[in-house]
Number of protein chains: 2
Amino acid sequence: MGETGSAAEGRGRTRIQRLNQARLLDAALKVFSQEGFRAATLDQIAAEAGMSKPNLLYYFASKEEIYRAVLDRTLDLWLEPLRGLDPQGDPVEEIRAYIRRKLEMSRDNPQESRLYANEILRGGAVIMAEMTGPLRALVMQKAAVIRRWIAAGRLAPHDPVHLIFAIWATTQHYADFDAQIRAVLGEDAGDPIEGAERFLQQLFIEGLRPR
Amino acid sequence: MGETGSAAEGRGRTRIQRLNQARLLDAALKVFSQEGFRAATLDQIAAEAGMSKPNLLYYFASKEEIYRAVLDRTLDLWLEPLRGLDPQGDPVEEIRAYIRRKLEMSRDNPQESRLYANEILRGGAVIMAEMTGPLRALVMQKAAVIRRWIAAGRLAPHDPVHLIFAIWATTQHYADFDAQIRAVLGEDAGDPIEGAERFLQQLFIEGLRPR
DNA sequence: GGCATTCTTGACCATATGGTCAAAGACGGG
DNA sequence: CCCGTCTTTGACCATATGGTCAAGAATGCC
């Protein structure tokens with residue numbers, strides 16, 4: 001008897017299950033990231049995945065379940081760049097590398113970024129537990145690393161948590177506010193993220209004051 | 001004969017019209033900013049304004065019309081801080097003041113910020129004209145000012161448009177991602193924006209490199 | 001105080017949407 | 001190639017939602 005897909009992705013038992021769950025999660029990411037939870041419809045997601053709505057509901061028991069599944073799948077990807085901040089590395093170089101990784105993420109996975117933006121704008125009820133749990137813990141851990149760097153005089157004194165917020169804000173901005181950035185920059189201008197990389201590296205390290 | 005409110009706000013002819021249109025726009029701001037266009041419902045907005053749905057539709061002919069009215073009303077407010085960047089002022093002090101004004105905006109008008117974030121996440125079709133028109137023009141004008149400051153050696157050389165993006169991103173982040181910020185900081189910590197002000201002023205001006 | 005105009009809303013409509021169900025169709029081990 | 005299991009979907013249901021309408025309630029000018 002089928003436990004009708006109440007388990008998330010990797011747990012599909014048969015080949016067809018794994019394939020279709022993956023197709024559905026991709027489709028759901030696309031739709032949820034553009035529309036947000038409430039405005040997205042199961043018909044849209046099913047159509048995007050090339051199947052019928054009842055078939056979607058065969059794999060995921062409800063709209064909320066597939067939404068949670070997409071969010072879960074994305075969370076790890078989302079924390080990875082910060083995890084890579086190496087306490088043993090050179091502080092300035094580590095921050096540079098973190099900014100670079102986050103910008104790559106905005107370029108290669110803008111949908112994931114918008115999915116989170118949508119969720120958090122709505123209040124983030126669905127992922128509140130991840131935020132006050134693993135996310136908060138990781139931020140605190142890396143903030144401690146940065147504080148040690150500062151204490152050793154290898155970084156100017158700044159609040160490390162707000163520093164992390166600033167890196168999130170500036171890098172994710174290029175995914176979340178893409179429409180505005182293209183409108184302001186004009187269509188002709190090349191990839192905004194290339195300019196962003198140069199600019200952010202310099203701003204974060206050197207600041208605006210002339211020397 | 002009633003032209004049934006097809007005009008936006010200030011144009012209400014009678015006292016009751018002005019009052020009710022204002023009440024509806026406030027309610028609409030609240031609901032649209034939290035839910036986004038599609039997920040918001042007219043019933044919600046009407047209830048929030050303390051009246052019936054047909055009465056809402058007496059003042060605004062459709063959901064899209066009240067949505068546009070809210071967006072329009074907010075746009076000016078939104079551009080004001082950048083308009084205040086004074087070409088005659090001291091460059092570092094002007095940037096500082098701009099960051100301060102934008103942070104105040106995030107603290108005092110977070111709903112407006114989220115309204116825009118929602119709209120732009122969806123692709124910004126409704127305000128595309130404002131973005132490629134007035135917004136783009138203002139950004140280009142102020143970018144020219146910043147470029148002159150740089151040419152005069154009064155600011156370190158940076159791409160001025162990306163600088164404006166970075167200020168938008170970091171300051172609006174505290175309104176748009178409020179839920180995440182509070183989750184990471186914990187409930188106890190005071191007003192996040194106070195810490196943000198100190199941090200951003202320092203980051204933008206001095207950067208991270210120790211000296 | 002009476003009347004035209006402006007406001008307000010209960011009842012209603014068409015459509016969209018999350019979700020159910022039963023029956024048909026594809027798969028795969030024996 | 002047969003049969004039990006897994007997939008798939010058309011038809012359907014209850015509810016929500018944007019919007020209409022006609023009639024009643026205020027309002028304000030004369």
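- Scanning all heavy atoms of the two residues, the minimum distance from A:E65 to A:F60 falls at OE2-CA, 3.8 Å.
- Taking 4.0 angstrom as the limit, A:N55 places none of its side-chain polar atoms (N or O) nearer than this to OP1 or OP2 of D:dT7.
- At a threshold of 4.0 Å, the pair B:K30-B:D26 does not count as salt-bridged, since none of the basic side-chain nitrogens sits closer than that to a carboxylate oxygen.
- Looking at B:S106, its side chain does come within 3.5 Å of a backbone N or O of B:T171 through a donor-acceptor pair.
- A straight line from CG of B:L56 to P of D:dC21 spans 17 Å, rounded to a whole angstrom.
- Put simply, the side chain of A:K63 gets close to the backbone of A:R38: a donor and an acceptor are under 3.5 Å apart.
- Here D:dT17 presents its C1' atom at 15 Å from CD1 of B:I66, a figure rounded to the nearest Å.
- Of the candidate nucleotides C:dT8, D:dT7, D:dT8, C:dT8 has the atom lying nearest to any side-chain atom of B:N20.
- Ring orientation note: the planes of B:Y67 and B:F37 are tilted relative to one another, at an angle of 30° to 60°.
- Distance B:E35 CD to D:dA16 C1': 14 Å, rounded to the nearest Å.
- Within the 6.0 Å centre-distance limit, the rings of A:Y174 and B:H162 are counted as a close aromatic pair.
- The separation between B:M51 atom CE and D:dA26 atom P is 16 Å, rounded to whole Å.
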Where do N or O atoms of nucleotides 24-29 of chain C meet protein N or O atoms at under 3.5 Å, pair by pair?
| from | atom 1 | to | atom 2 | distance (Å) |
| --- | --- | --- | --- | --- |
| C:dG28 | OP1 | A:R15 | NH2 | 2.7 |

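- In plain terms, the two heavy atoms of B:R100 and B:E93 that are nearest each other are NH2-OE2, 3.7 Å.
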Set out, line by line, the N/O atom pairs under 3.5 Å between protein and nucleotides 18-20 of chain D.
| from | atom 1 | to | atom 2 | distance (Å) |
| --- | --- | --- | --- | --- |
| D:dG18 | OP1 | B:A40 | O | 3.2 |
| D:dG18 | OP1 | B:K63 | NZ | 3.1 |
| D:dG18 | OP2 | B:L42 | N | 2.9 |
| D:dG18 | N7 | B:K53 | NZ | 2.8 |
| D:dG19 | OP2 | B:K63 | N | 2.7 |
| D:dG19 | N7 | B:K53 | NZ | 3.4 |
| D:dG19 | O6 | B:K53 | NZ | 3.4 |

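- Side-chain atoms of B:E94 come within 3.5 Å of backbone atoms of B:D86 as a donor-acceptor pair (strictly under, hydrogens ignored).
- The 5' end of DNA chain D is approached more closely, in terms of each residue's nearest nucleotide, by A:R23 than by the other of B:Q44 and A:R23.
- Here the closest non-hydrogen pair linking A:D176 and B:F177 is OD2-CZ, 3.7 Å.
- When rounded to the nearest whole Å, the span between CZ of A:R18 and C1' of D:dT7 equals 15 Å.
- One finds no side-chain N or O of A:Q17 lying less than 4.0 angstrom from the OP1 or OP2 phosphate oxygen of D:dC6.
- Contact annotation: B:Y58 side-chain N/O to C:dC7 OP1/OP2 distance is under 4.0 Å.
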